[in-house]
Chemist: 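Sharing a structure below in structure tokens format, with a few things to ask.
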Amino acid sequence: MTPYETARNLVQLLLKGEQTPPPELIREKVRMALSMLGGQGLAEGVEEEVLIRDLETLYSIWMAQGTILEDKQDHISWLPDQKAEINWDFWDRYRRYLEEEKGWSPATVDRLEQLTDSILERLEEPQRPGDWSRRGMVVGQVQSGKTSNYTGLICKAVDAGYKLIIVLAGLHNSLRSQTQLRLDEGFLGWDSQNNRAFDTGNRFIGAGLIPTGKQLRALPVTSSAEKGDFSKKIADQCGAAPGGADPILMIVKKNKTVLNNLVKWASNWANADPQLGRKVVRNSPLLIIDDEADNASVNTKEVRLDDTGIPREEQEATAINKLIRQLLHSFEKTAYVGYTATPFANIFIHPQVRTSEHGEDLFPRHFIVNLPAPSNYVGPVQVFGLDSDSAVDLESVSGLDIVRIVEDQDEWMPTGHKKEHVPPYLPTSLKEAIRAFILSCAVRFWRGQTTAHNSMLVHVTRFTAVQELVNQLVKDELTSLQRRLRYSEGSTLNQILSEFEYLWNNDFIPTSRAIAGTDLQPAVPIPAWDDISPLLHQVAARIQVKKINGTAKDILDYWGSPNGLNVIAIGGDKLSRGLTLEGLSVSYYLRASKMYDTLMQMGRWFGYRPGYLDLCRLYTTDELVEWYQHITVASEELRKEFDYMANMSATPEEFGLKVRTHPSGLIITGANKMRNGTVMQLSFAGTISETYLFYKDEDIIHRNLKATEDLISGLGMYSIEKNNFIWKQVSGNKIVNFLKNYQSHPNARLANTRSLVDYIQAQLKQNELVSWTIALISKNKADNKHTIAGLEVGLVYRKNDADPSLSEYRLPKSRLLNPPDEMLDFSPSAQEEIINITRERRQEAGKPESKSKTPDGKIIREKRNPRNGLLLLYPLDPKAINAEIPIIGFGISFPSSNSARFVEYKVNNVYWEQEFLDSYED
């Protein structure tokens, strides 16, 4: 432990019991601690102001409550009654480890305790008699601390009586090894690579160094060695027996051979159960943690249905999915919890699939927990920003100034290149990124982070042969920089230093000034160029280049580098999912994927960057930035919908996945994972449907205008409110006829007129949506006007956000509606009530107070009577696309409904399979 860590831990000890200590108390305790340590010569090099600033940051971190969808059927509540009776030995030690060794604030650890309690509570009590099985999922942000969460859950599960813990940790040895090491530190307490049996002579690490006054025993059948995966031979040698005195821990790859051996091992301990009609392992409650549960675990075989739409009794399954289910099916008492940041594929698992051989599929039928990210988490919203969208209650967030657009990659690494491609040189942008990484290392060193790990990611191709060539080019460039910084003199040295100084003055100085002092990074010292330039040779000399893929022998041995590993990691898929790059500051990313989950998982630059966020850079293309921005909206909308349904006490099976379809072909997840989404059941209840994408074709524009005029001509008397023409108590059949005559753009999927007609007709049979308000929007001070069905209307201008060369007209931010228009048919008092409820919910969610009178669309739809719908007609100014007549857009506000009928929503998987499925080499 360094003097700084010793001082920090002592201050935290002096502040014990203080959740949010005021700055003056922190300063007082820091001075007290430094005085105590200084008298013993243990405070050398510890700067008082740096320590104060770091502790102020630590105690300002907060985390919201998680939200939960659950199905309580067949579940017996147990934890509240038994919590006081359980000896929480592993958990108490892990808690102390997080506070005393990892420097977590008490408030953050308290929230982790609450969250893990809420998950454990939804598993069964391990001693519950009989046969039982639980399926759940925990959703967190990419790189946000899911491993810490399931480490805490494992500690508590073992304390409560679960006897066998199996963690499914990715597809590669490197990720499995990294996961094992983290559980060695957090749960086991010693290095499993040296010894698999508890022994007082073990090399204790992590939580094992926390004095507890007792021996906490567990048996690791796997180890943190690169080849320490499950082996039946080693399990037998260890004396691993389900239901024994000591709990068993296994960290295994999602590998067919490994899982098959694990199933065979389990079957050796199984006994016939006449009631279940199969052999099962008794008296050994099993908990499976599936890390990255959307990767490889999901069955991508097509589900076969009978004539009534119910899955047939026997189904095919992919190898990994089949073996995970078979393993669960081999035990009498089981709990399965999938962890993922991208749950799209998991929600598409058919909830009713069950076979006699493998048991039920992995759909999280019993609970889904939405983990909140701490306030210091740097995720997609913070990196890429977020446009406001009142339809789903999204607020505008400005992205951080850390993204650098790459424009010189086409010749060097063209899109769609083959494995034979030979990159001829390093592009200027990658050379700059390497220099930025050296500067980042230098500043961290200057700030006192001398033993911190520093990583740079280069991810530009999936082909290992091309990665090898990139690896050599980067090595050559780094070697040249190292040599020039060390041996150059005079004008030669001045030239290389001037390159760094230019980047420093024009990039690092303004970015650090913009980021330092914000909520994500409190004020940090910003060095002058003269402070940094003497350190460049020293930090550059420490940097290594490592190729990390399936064919390379290089490893990222952070744990074995106590003085800090400084590395440029070059790879592809092996780096893109699950594997943590410690101290990642610079990322150079060109790899294109058109799948939500793959793109988000490739974002290794998300996470926590204490004291060096201002030094982080992401070099990527403007196209990828645009895709990430869209995915960010889709993910945030998914979380909003999740929270909304949790408030409605919905179950996981009732959770309707609502992910925006990207107009340029970006898709939710792999087409094979979406097989069960070929025919989706969609309800429009409580939603807003609006056209934001239109044809430019003059004939279609004319037909849609005529459909609008035909509708209005048959409506009769109207009123004028705020310059808009309003008709009330319009028959639902008139809305249906209008939609049948209106031609929507096929890529504006949630405004698909055929689906809308099906839904409205279904609701009419339920005596809902029978009476509508229609509003023809007319702008008061419009630049242009047009006569529609005899009414002079002020046209609404919306610019075209699509490339002018395309045959489509796309509205900015995919929005047509002006949010307050959605409550045009409410009385002034009802409108005021909606705005007040919007403010109250903001306050309950911990959001800053806003003077805006923009309503929350969901609240409007909650207040809307199920019998009443609202159709808003927007005549758009044709000058936006140089047309002759107005383009008619529409928005429909649907009320919430307890009896809403579902309509089929079809997708074309054949097209997706042809366009988007890759065969990865890495």
Side-chain angles (χ1 to χ4, degrees), residues 404-414 417 421-445 453-461 463-489 491-504 506-508 532-549 552 554 556 564-572 575 581 583-591 604-605 615-621:
R404 303 293 177 262
I405 301 300
V406 173
E407 298 177 331
D408 57 357
Q409 80 285 0
D410 286 343
E411 182 179 347
W412 178 66
M413 198 63 63
H417 65 270
H421 174 65
V422 178
Y425 54 82
L426 276 192
T428 301
S429 57
L430 183 46
K431 290 181 178 181
E432 179 186 304
I434 294 170
R435 286 159 172 75
F437 180 55
I438 293 173
L439 284 171
S440 174
C441 294
V443 178
R444 295 196 71 191
F445 192 91
H453 301 302
N454 292 288
S455 301
M456 175 179 175
L457 165 66
V458 178
H459 185 171
V460 296
T461 176
F463 298 113
T464 56
V466 183
Q467 289 169 21
E468 174 58 44
L469 298 173
V470 173
N471 179 68
Q472 191 57 54
L473 287 171
V474 171
K475 276 186 176 179
D476 292 345
E477 176 67 15
L478 178 64
T479 300
S480 173
L481 288 171
Q482 290 169 332
R483 187 174 59 249
R484 291 164 67 190
L485 287 169
R486 180 175 182 180
Y487 295 112
S488 297
E489 297 179 353
S491 60
T492 307
L493 178 60
N494 289 336
Q495 180 182 348
I496 184 64
L497 288 178
S498 67
E499 294 174 12
F500 279 96
E501 185 177 10
Y502 179 84
L503 188 60
W504 175 256
N506 291 276
D507 188 326
F508 276 74
I532 293 301
S533 57
L535 300 175
L536 295 179
H537 157 60
Q538 182 179 354
V539 298
R542 300 174 62 192
I543 297 173
Q544 309 170 55
V545 179
K546 290 180 177 285
K547 184 176 60 166
I548 308 297
N549 61 34
D554 288 343
L556 296 175
L565 179 64
N566 297 271
V567 62
I568 299 176
I570 297 169
L575 285 176
L581 297 172
L584 178 63
S585 56
V586 178
S587 301
Y588 190 92
Y589 174 59
L590 303 179
R591 173 71 176 278
R604 298 291 95 194
W605 47 84
L615 310 177
C616 294
R617 298 292 183 271
L618 168 59
Y619 288 80
T620 192
T621 64

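These figures come from a predicted structure and were not determined experimentally. Quick note: numbers below take in every heavy atom, side chains included, and nothing from hydrogens, waters or symmetry partners. The residues of the chain are indexed from 1 along the displayed sequence.
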Chemist: Report the distance from atom CD1 of I568 to atom CZ of F437, rounding to the nearest 0.5 Å.
Modeler: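 Here the rounded value is 6.0 Å.
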Chemist: Looking only at non-hydrogen atoms, find the nearest pair between L426 and L473 and report the distance.
Modeler: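 In this case the closest contact between L426 and L473 is CD1-O, 3.6 Å.
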Chemist: Evaluate Y425 against E411 for side chain to side chain contact (heavy atoms under 4.5 Å, CB included), listing each step before the verdict.
Modeler: CA-CA 10 Å; Y425 54 82; E411 182 179 347; 3.7 Å; yes
Chemist: Give, for atom OG of S533 and atom CG of L485, the distance between the pair rounded to the nearest 0.5 Å.
Modeler: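 Output value for this atom pair is 10.5 Å.
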Chemist: How many angstroms lie between atom CG of L536 and atom CD of Q482, to the nearest 0.5 angstrom?
Modeler: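 Reported to 0.5 Å precision, the distance equals 12.0 Å.
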Chemist: Drop me the distance from L565's CG to H453's NE2, to the nearest 0.5 angstrom.
Modeler: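 Here the rounded value is 7.0 Å.
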Chemist: Taking the side chain as every heavy atom from C-beta outward, state whether R404 and D507 have any pair of such atoms under 4.5 Å apart.
Modeler: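 In short, these two side chains touch, coming nearer than 4.5 Å.
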Chemist: Measure across L469 and P423 and return the closest heavy-atom pair with its distance rounded to 0.1 Å.
Modeler: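 Shortest heavy-atom contact: CD1-CD, 3.7 Å.
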Chemist: Has S498 got a side-chain atom pairing as donor or acceptor with N494's backbone, closer than 3.5 angstrom?
Modeler: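 Looks like yes, one N/O pair under 3.5 Å.
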Chemist: SG/C441 to CG/L615 distance, rounded to the nearest 0.5 angstrom?
Modeler: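 Going from SG on C441 over to CG on L615, the span is 9.5 Å.
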Chemist: Do P427 and M413 make a side-chain contact, defined as non-hydrogen atoms from C-beta onward lying under 4.5 Å apart?
Modeler: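 Contact flag for P427/M413 side chains = no.
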Chemist: Please determine whether the number of non-hydrogen atoms from other residues, nucleotides or ligands lying under 6.0 Å from atom OH of Y502 exceeds 12.
Modeler: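 Counting other residues, nucleotides and ligands, OH of Y502 stays at 12 neighbours or fewer.
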Chemist: Report yes or no: is the cationic atom of R617 (NZ for Lys, CZ for Arg) closer than 6.0 Å to the six-membered ring centre of F508, at no more than 45° off its axis?
Modeler: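 Yes; both conditions hold, so R617 lies above the ring face of F508.
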Chemist: Got a sec, which residues hit side chain to side chain donor-acceptor pair (under 3.5 Å) with N566, two or more places apart in sequence or on another chain?
Modeler: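 By the side chain to side chain donor-acceptor pair (under 3.5 Å) rule, N566 matches N454.
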Chemist: How close do V470 and W412 get, counting heavy atoms only, and between which atoms?
Modeler: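 That closest heavy-atom pairing would be CG2-CZ2, 4.1 Å.
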Chemist: Please report the closest heavy-atom contact between H417 and F463, naming both atoms and the distance.
Modeler: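 So the minimum-distance heavy-atom pair works out to O-CE1, 3.2 Å.
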Chemist: Donor-acceptor pairs under 3.5 Å, side chain of residues 537-544 to any protein atom, not counting sequence neighbours: which ones?
Modeler:
{"from": "R542", "atom 1": "NH2", "to": "N563", "atom 2": "O", "distance (Å)": "2.7"}

Chemist: Under 3.5 Å, is there a donor-acceptor pair linking the side chains of Q467 and N471?
Modeler: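 Q467 vs N471: no donor-acceptor pair found between side chains.
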Chemist: Measuring only between side-chain heavy atoms, which start at C-beta, is E477 closer than 4.5 Å to L481?
Modeler: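 A side-chain contact under 4.5 Å exists here.
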Chemist: Would you call R484 and E499 a salt bridge, taking side-chain N to carboxylate O under 4.0 Å as the test?
Modeler: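 A salt bridge links R484 with E499.
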Chemist: For V586 versus A433, what's the shortest heavy-atom pair and its separation?
Modeler: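 Looking at all heavy atoms of both residues, the closest pair is CG1-O, 3.7 Å.
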Chemist: Supply the atom-to-atom distance R435 CZ to L478 CG, rounded to the nearest 0.5 angstrom.
Modeler: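 With rounding to 0.5 Å, CZ (R435) is 10.5 Å from CG (L478).
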Chemist: Considering non-hydrogen atoms only, spot the tightest contact between L457 and L584 and give its length.
Modeler: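 For L457 and L584, the tightest heavy-atom pair comes out as N-CD1, 3.7 Å.
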Chemist: For S429, what residues pass the side chain to side chain donor-acceptor pair (under 3.5 Å) criterion, not counting sequence neighbours?
Modeler: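 Partners of S429 under the side chain to side chain donor-acceptor pair (under 3.5 Å) test: D408, Y588.
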Chemist: Under a 4.5 Å cut-off applied to non-hydrogen side-chain atoms, are V474 and L430 in contact?
Modeler: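 SC-SC contact between V474 and L430 confirmed.
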